[in-house]
Amino acid sequence: MKLIDLHVHSTASDGSLTPTEVVNRAAGLGLTAMALTDHDTVSGIDEALKAAKDLDMEVIPGIEVSCIYKEKEIHILGLYIDHTNPELLSFLKEASRKRYDRNMEMLAAFNKDGFEITEEDLRKDGFALTEEDLFCGNPKTIVTRAHFARALLKHGYVTSVDQAFKKYLNPDRPYYRSRELITPEEVLTVLLGAGGFPVLAHPLLYKLGWAETEALIAMLT
């Protein structure tokens with residue numbers, strides 16, 4: 001049986017392996033195809049494609065884009081995208097600015113309440129957080145809530161990443177901050193313009209109910 005994985009992250013966002021390591025791991029596990037779909041960035045795709053050049057496995061250029069649907073954050077995958085598309089890159093630069101603003105607001109809230117988390121904690125291993133990193137081009141790494149979770153774990157405020165999300169970082173928790181509104185329609189326009197195939201990521205996590213989930217999927221098709 002041929003195995004594929006169409007939703008894979010690397011250290012370009014909140015994964016634990018570099019794009020090269022992800023590709024090699026996938027090939028080692030016997031996958032015939034994988035899609036690199038980092039959060040709001042395509043910065044790892046060239047490396048992944050290069051790593052797969054001599055392997056018997058297809059790497060699909062992809063991305064996972066966050067947006068807001070009825071006041072709830074959802075994620076849309078774009079598969080088979082042209083990761084060099086100028087409109088896509090411009091959109092991602094603006095999305096990165098919005099994520100940066102959200103990250104700084106979250107960091108300030110944690111610090112105000114006595115949590116000793118620093119920008120350096122979030123920039124470890126090349127994690128991009130500063131405006132200089134962000135606006136010099138594609139950031140090496142997009143900082144997500146997972147990086148905050150790892151910082152909380154590092155400093156002993158939680159015993160696991162899962163606990164960090166449940167206690168502090170999920171949308172109904174005190175330190176969650178939403179970004180400026182990006183609509184699903186905007187995401188669809190830019191993904192389709194870059195030749196991508198849109199897919200709703202992990203639909204059951206949003207807890208919309210079957211009828212609302214079906215309505216969302218219908219809107220995206």
Side-chain angles (χ1 to χ4, degrees), residues 7-19 22 36-44 63-76 89-184 186-187 201-202 205-207:
H7 189 169
V8 179
H9 294 181
S10 73
T11 51
S13 62
D14 57 355
S16 58
L17 301 176
T18 67
V22 166
L36 187 64
T37 56
D38 279 306
H39 285 287
D40 298 328
T41 184
V42 294
S43 63
I63 193 167
E64 182 175 9
V65 183
S66 304
C67 57
I68 302 297
Y69 174 76
K70 295 188 176 181
E71 300 183 352
K72 186 179 289 288
E73 181 176 312
I74 67 169
H75 298 162
I76 300 175
L89 296 179
S90 177
F91 173 86
L92 293 179
K93 186 173 182 179
E94 178 63 13
S96 294
R97 183 194 65 78
K98 293 177 179 180
R99 186 182 287 276
Y100 168 80
D101 291 342
R102 189 277 302 271
N103 288 339
M104 294 306 294
E105 187 177 347
M106 287 176 60
L107 183 60
F110 275 115
N111 291 162
K112 181 180 178 181
D113 288 346
F115 290 83
E116 296 181 355
I117 301 172
T118 67
E119 293 185 27
E120 181 63 24
D121 291 323
L122 303 176
R123 286 203 305 268
K124 291 290 186 183
D125 301 320
F127 296 165
L129 180 65
T130 66
E131 288 182 284
E132 181 181 359
D133 291 333
L134 185 61
F135 298 118
C136 67
N138 282 335
K140 182 177 180 181
T141 300
I142 293 293
V143 172
T144 71
R145 284 178 291 154
H147 297 115
F148 280 89
R150 292 169 189 165
L152 289 166
L153 179 62
K154 170 192 168 184
H155 286 282
Y157 295 119
V158 294
T159 58
S160 69
V161 166
D162 184 59
Q163 185 187 53
F165 274 90
K166 290 180 177 178
K167 192 172 182 180
Y168 299 116
L169 297 168
N170 280 338
D172 60 343
R173 297 292 86 196
Y175 296 98
Y176 175 82
R177 298 293 186 274
S178 61
R179 287 183 282 161
E180 290 182 43
L181 179 65
I182 297 176
T183 68
E186 289 177 284
V187 175
H202 39 68
L205 290 183
Y206 311 128
K207 299 180 181 179

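Along the sequence shown, residues are numbered consecutively beginning with 1. Bear in mind the structure is a predicted one, so any value in this text is a computation, not a measurement.
When every heavy atom of Thr37 is checked against every heavy atom of Glu64, the shortest pair comes out as O-CB, 3.5 Å. Contact record, Phe165 with Ala149: CE1-CB, 3.7 Å, taken as the closest heavy-atom pair. Closest of all the heavy-atom pairs between Pro184 and Ile68 is CD-O, 3.1 Å. In terms of heavy-atom proximity, Ile182 sits nearest to Cys67 at O-CB, 3.0 Å. The minimum heavy-atom distance between Leu152 and Ala164, with the atom names listed, is CD1-CB, 4.0 Å. Across every non-hydrogen atom of Tyr176 and Asn170, the tightest pair is CB-O, 3.1 Å.
Side-chain atoms of Thr41 and Leu92, non-hydrogen and from C-beta on, never get closer than 4.5 Å to each other. Taking 4.5 Å as the limit, some side-chain heavy atom of Pro171 sits within range of a side-chain heavy atom of Arg145. Within the 4.5 Å cutoff, side-chain heavy atoms of Asp40 are placed close to those of Ser66.
For the atom pair Leu107 CG and Glu119 CD, the distance stands at 6.0 Å (nearest 0.5 Å). The distance from atom CD of Gln163 to atom CG of Leu153, rounded to the nearest 0.5 Å, is 9.0 Å. Leu36 CG to His9 NE2: the interatomic distance, rounded to the nearest 0.5 Å, is 8.5 Å. How far CG of Leu205 is from CD of Glu73: 11.5 Å, rounded to the nearest 0.5 Å. Rounded to the nearest 0.5 angstrom, Asp101 CG and Arg177 CZ are separated by 13.5 Å.
Ring to ring, Phe148 and Tyr175 are not that close: their centroids are 6.0 angstrom or more apart. The six-membered or imidazole ring of Tyr206 lies away from that of Tyr69, with a centre-to-centre distance of 6.0 Å or more.
Side chain of Asn111 to main chain of Phe115: a donor-acceptor pair is present (N/O by atom type, distance under 3.5 Å, no hydrogens or angles). A donor-acceptor pair is defined here as one N or O able to donate and one able to accept, closer than 3.5 Å; such a pair exists between the side chain of Ser13 and the backbone of His39.
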Open item on the list: Go through it in stages, so that I can follow the logic: the residues are Lys166 and Val158, the test is side chain to side chain contact (heavy atoms under 4.5 Å, CB included), and I'd like the CA-CA distance, side-chain angles, deciding distance and then a yes or no.
Closed with: CA-CA 10 Å; Lys166 290 180 177 178; Val158 294; over 6 Å; no
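If you check the side chains of Glu116 and His155, you find no donor sitting under 3.5 Å from an acceptor. For Thr183 and Glu186, the side-chain atoms include at least one donor-acceptor pair closer than 3.5 Å.
One finds no salt bridge joining Arg102 and Glu105 here, because no Lys/Arg side-chain nitrogen approaches an Asp/Glu carboxylate oxygen to under 4.0 Å.
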